[in-house]
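This report concerns only the one structure given below.
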Amino acid sequence: MSRGSIARPRFPDMESQYNHKTVESAAQTHWSAIDAYRSIENDPRFPKGKYYACSMLPYPSGKLHMGHVRNYTINDMLVRYQRMQGYNVLMPMGWDAFGLPAENAAMKSKKAPAAWTYENIRVMKAQCQALGLAFDWSRELATCDPAYYKWNQWFFLKMLENGLAYRKTQIVNWDPIDQTVLANEQVIDGRGWRSGALVEKREIPGYYLNITKYAEELLDATLHKLPGWSERLRLIQENWIGKSEGVRFAFPHDIKDADGKLVQDGKMYVFTTRADTIMGVTFVAVAPEHPLAIRAGQLNPALAPKIDALKLGGTTEAELALKEKEGVATGLFVTHPLTGEKIEVWVGNYVLIIYGDGAVMGVPAHDERDWNFAAKYGIPVKTVIGSEQLYRDCLAVSNAYQSATGGAPLSPTELLNVNWNGDIAGQLAHIARVSPEASNAVVGLAHQMRHEHFSAERGLTINSGKFDRLTFQDAVNAIAADLAAKGLGEKKTTFRLRDWGISRQRYWGTPIPVIHCDDCGVVPVPEKDLPVVLPEHHIPDGSGNPLNKDEAFLKCSCPKCGKPARRETDTMDTFVDSAWYYMRYTSANADTMVDARNDYWMPMDQYIGGIEHAVLHLLYARFWTKAMRDMGLLKFDEPFKRMTNHGMLLNHIFYTPGSHGAKNYVPPTDVKLTHDEKGHINGGTLEDGTPVLYGGIGKMGKSEKNGVDPQDLIDKYGADTARLYVMFVGGPEDAAVWSDTAVEGAMRFLRRVWTYCADRAADIANAGAVDAATLTAEQKATRFELHSALKQSNFDYERQQYNTVVSASMKMLNALEAVKPGACPSLAREGASILLRTLAPVTPHITYKLWSDLGFEKTDGALLDTEWPQPDAGALVQDEIKLVLQINGKTRGEIVVPSSADKAAIEAAAAASAEVAKFGEGRAPKKIIVVPGRLVNVVV
RNA sequence: GCCGGGGUGGCGGAAUUGGUAGACGCAGCGGAUUCAAAAUCCGCCGCUAGUGAUAGUGUGCGGGUUCGAGUCCCGCCCUCGGCACCA
């Protein structure tokens, strides 16, 4: 029975062993010769219409990494599947070629960013081709190509024209030693990442795009018009846009500036979403840059350095939430707009000048941040919100107090207004003397209040004079109306979303097409002079933007008056490049930004990329689309109908300890693993026996040295194995951990596919269609397995769950191998025909070769465009079916019934079963539940 | 801190969405083939008890709903992301 004893029928021109190198080069040569992946608008070969699927364009960092392989294989499977379904597919590719890494690389290698970038593109393109990805390379683009960024500039000028782009000063991180602007991530503990210099905040002019004009539309579409986006992604965008409805109102004051004029016309504005708590304001806090803070510094010079000190520290929401709240009292007072009370102005390090009016009202009783601030500085707390229950409890305590003391009742307000910063103990001690019960009740209330006040639940107003006992919305309405009547405020909607600052004081980007003239000011470059070409020979050295020293670039004449002028040296944020590249693919080489072809392909049917782009890129792209729409360049509202966020690839991390707690990372491939008693990895040793420590599982990356080079995989196992592995390792949206041995398993499966086909080549070539009547029981069972797996595979293709598509193929092969060569040629043929087609999108090379070698191409056409297989209804019919038998919900066995059995017959069979006799303990069935085709549950 | 995703064997993961938990694969163990090894093929493989048939138990923890819960509800724990110019 051994394999060697079987006379293997040889087939002409077919190798008996799978050789990935010859198979893959043959397939790729063929596809290239027939230009297999060129997409043409309205191609009559594809009657079902277009299907545009695109991966986010990669940054050309040097080599592909496994994340790319996964991303592009998902994309490739999608379009290959859709093409076999009859759609006219488009899958283009390009390069996000501008950006900071090229400048950093230039500093290290002394190579110009342009040369470095183009070399990387060459290498990565070759790798894409080696992977057999079905890209239409005729539409390739690089964003650093003047033919591309010309349209960034053109559209920027259009935005300037209609007010969508404007110039204002912006606050940036400035490195005084390197003379350069730093990104937030380049600031580490307040110092520049290269120079170590203390980073300053500088105000410099820059260009902004008015994305907030579209905030309402973007939010509305996020919530209602993107059904193909995940809930999670929509939520991230919703939070980012951050709509909040509240009240903007003023605290009047008579604080005057040095010239004797009222500061800000005597009105200090704040915005709040909790207008129901305005009666609880006990202080106000302003940002260190706020006019009142500046004025306080002038009036009391001792305060100025203290106020300046509050400017330090990060400004992101996360940093603000975690940092210690600090402040300085100014000795200045404003007036509460409703009560007329004097309220002291503080300067707080948690108030940002860039948010709203740069000032907040302080309600310590109902805002945890204000609470912490007030507790630290002894600011009074005034409670103005309580739940109905709390209100009733107060009355009960008051009554208890009254009956205990025989004195006057305590009002709920009195009870609730225990001053938490004052002598609570003293107050309680007094109550305790007269009534121990009341004392306990008060302590309990204090705890409960602490909990309730800061919870999201909005209770009733109390202690609020004429606004007492109102629900949240009623209180806001009443208070807003009163403020409006006094001319001091109104309801307002604000967004967290801010306008998009696109100016970068960097070299390697799209030049902003404006000219500075001493007489005319800032003048746009005329359209006919576009593109403003970036000189490509500079090698940045870290001392600021080389364009600032490039006289040839700088020197120009003013387009308005003709006098000598200076060119702008700021370049655009690279998110501008990626905001619309997917539309340039559709209109490759057009002499306009986009042309009619864009109307054919867009909106995109499927976009694929990492979740890390959930906000910036995706929001900018959506904004850009709407801006183009409003300028009449296109007719749709949203660019991406469906969005898939593939998960990260992870790997184990190992290191040897260095001095001062440093970690010397070691590639996992160099480590011989050790395991603890439960079988978990807990460390390992190097070749020479040096012990290494286990650092857990983390994202594949250069710094941890735990990346896997796809090139090694392709060389050793071939592209098909690499593709099969990355699809099999987990669902497209899940994170996946790398495993070397699992790659071997993927290779093993492909060898078995090859061997199966080679051993049955003669059967397959000569067989006709399956005649179900002539099959043996075993062959019928095999065919049932085959078509069941096909059904699963088709289901999973539709829901893009590619890991189980692969396992379905494995199930097919497991079943088909039971039919030995020569035993049933028709079934062998049907099996190969289905298996090769379901595998084609995953492993296109081996399936191409087997499909053509076995002669399917002659009967069914090229695999790329052949018809997608459907399960045969007849093959899925069984004479008898097994049902799970449960007794009282516990699985106890199974019963076999004819597939035609009705509910009564199944109930009877179940009741009569040995299991019911055994586990039912002689009791008669009370109830029998039948789930058709699945199980029967007998309740006794 | 706030918001979100996720916890299933030694490992990656499945369970067509309330119906046999662990499909498929990796690793491991036993066997066949081989002079030997590689490769390949066959079998076993959640945990506990038992030689065994079998029984009990089991999807992060604690409750609940249901004939039936990995799946639904309530309360926790852990973990990974996001929270404005790295792409």
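In what follows, chains carry the letters A, B, and so on, assigned in the order in which the sequence lines appear, proteins first and then strands, with residues in each chain numbered from 1. Heavy-atom basis, side chains included; hydrogens, waters and symmetry copies ignored.
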Rounding to an integer number of Å, can you tell me how far [X] [atom1] sits from [N] [atom2]?
| X | N | atom1 | atom2 | result |
| --- | --- | --- | --- | --- |
| Glu798(A) | rU16(B) | CD | P | 17 Å |
| Phe575(A) | rC86(B) | CZ | C1' | 8 Å |
| Met812(A) | rA23(B) | CE | P | 18 Å |
| Met727(A) | rC24(B) | CE | P | 21 Å |
| Ile236(A) | rC80(B) | CD1 | C1' | 13 Å |
| Asn814(A) | rC41(B) | CG | P | 10 Å |
| Ile906(A) | rG19(B) | CD1 | P | 17 Å |

With respect to the phosphate group of [N], does any side-chain polar atom (N or O) of [X] fall under 4.0 Å of OP1 or OP2?
| X | N | answer |
| --- | --- | --- |
| Gln801(A) | rC24(B) | no |
| Thr891(A) | rA21(B) | yes |
| Arg934(A) | rU20(B) | yes |
| Asn803(A) | rA14(B) | yes |
| Lys927(A) | rU66(B) | no |
| Arg892(A) | rG56(B) | yes |
| Arg752(A) | rU40(B) | no |
| Arg751(A) | rA38(B) | no |

Base, sugar-phosphate, or nothing: which does [X] touch, judged by heavy atoms less than 4.0 Å apart?
| X | value |
| --- | --- |
| Trp500(A) | nothing |
| Asp796(A) | nothing |
| Ile929(A) | base |
| Lys791(A) | nothing |
| Tyr59(A) | sugar-phosphate |
| Gly745(A) | sugar-phosphate |

Pairwise [atom1] distance, [M] and [N] [rounded to whole Å]:
| N | M | atom1 | value |
| --- | --- | --- | --- |
| rC45(B) | rA23(B) | C1' | 15 Å |
| rC26(B) | rG13(B) | C1' | 11 Å |
| rG10(B) | rU59(B) | P | 13 Å |

Classify the angle between the aromatic ring planes of Tyr607(A) and Tyr581(A) as parallel (below 30°), tilted (30 to 60°) or perpendicular (above 60°).
->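 Tyr607(A) and Tyr581(A): tilted rings.
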
Using 30° and 60° as the class limits, which term best fits the ring planes of Tyr149(A) and Phe98(A): parallel, tilted or perpendicular?
->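 Tyr149(A) vs Phe98(A) ring planes: tilted.
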
Base orientation of rG9(B), syn vs anti, 90° cut from 0 =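 Syn conformation for rG9(B).
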
Taking atom CE of Met643(A) and atom CH2 of Trp229(A), what is their separation to the nearest 0.5 Å?
->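 Reported to 0.5 Å precision, the distance equals 7.0 Å.
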
What is the distance from atom OG1 of Thr222(A) to atom CG of Leu619(A), rounded to the nearest 0.5 Å?
->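 Answer rounded to 0.5 Å: 7.0 Å.
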
Ignoring the backbone of [X], work out which of [options] is nearest its side chain.
| X | options | result |
| --- | --- | --- |
| Val729(A) | rA23(B), rG12(B), rU57(B) | rG12(B) |
| Ser807(A) | rU17(B), rU20(B), rC24(B) | rC24(B) |
| Leu235(A) | rC3(B), rC26(B), rG12(B) | rC3(B) |
| Leu100(A) | rG13(B), rA27(B), rA87(B) | rA87(B) |
| Leu497(A) | rA14(B), rA84(B), rC67(B) | rA84(B) |

Residue that, paired with Tyr620(A), satisfies ring pair (Phe, Tyr, Trp, His ring centres under 6.0 Å) out of Tyr214(A), Trp500(A), Trp240(A) |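 In the set Tyr214(A), Trp500(A), Trp240(A), the residue that makes a ring pair (Phe, Tyr, Trp, His ring centres under 6.0 Å) with Tyr620(A) is Trp500(A).
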
Below 4.0 angstrom, N of the basic side chain to O of the carboxylate: do Glu744(A) and Arg748(A) qualify?
->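 Looking at Glu744(A) and Arg748(A), the cut-off is not met.
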
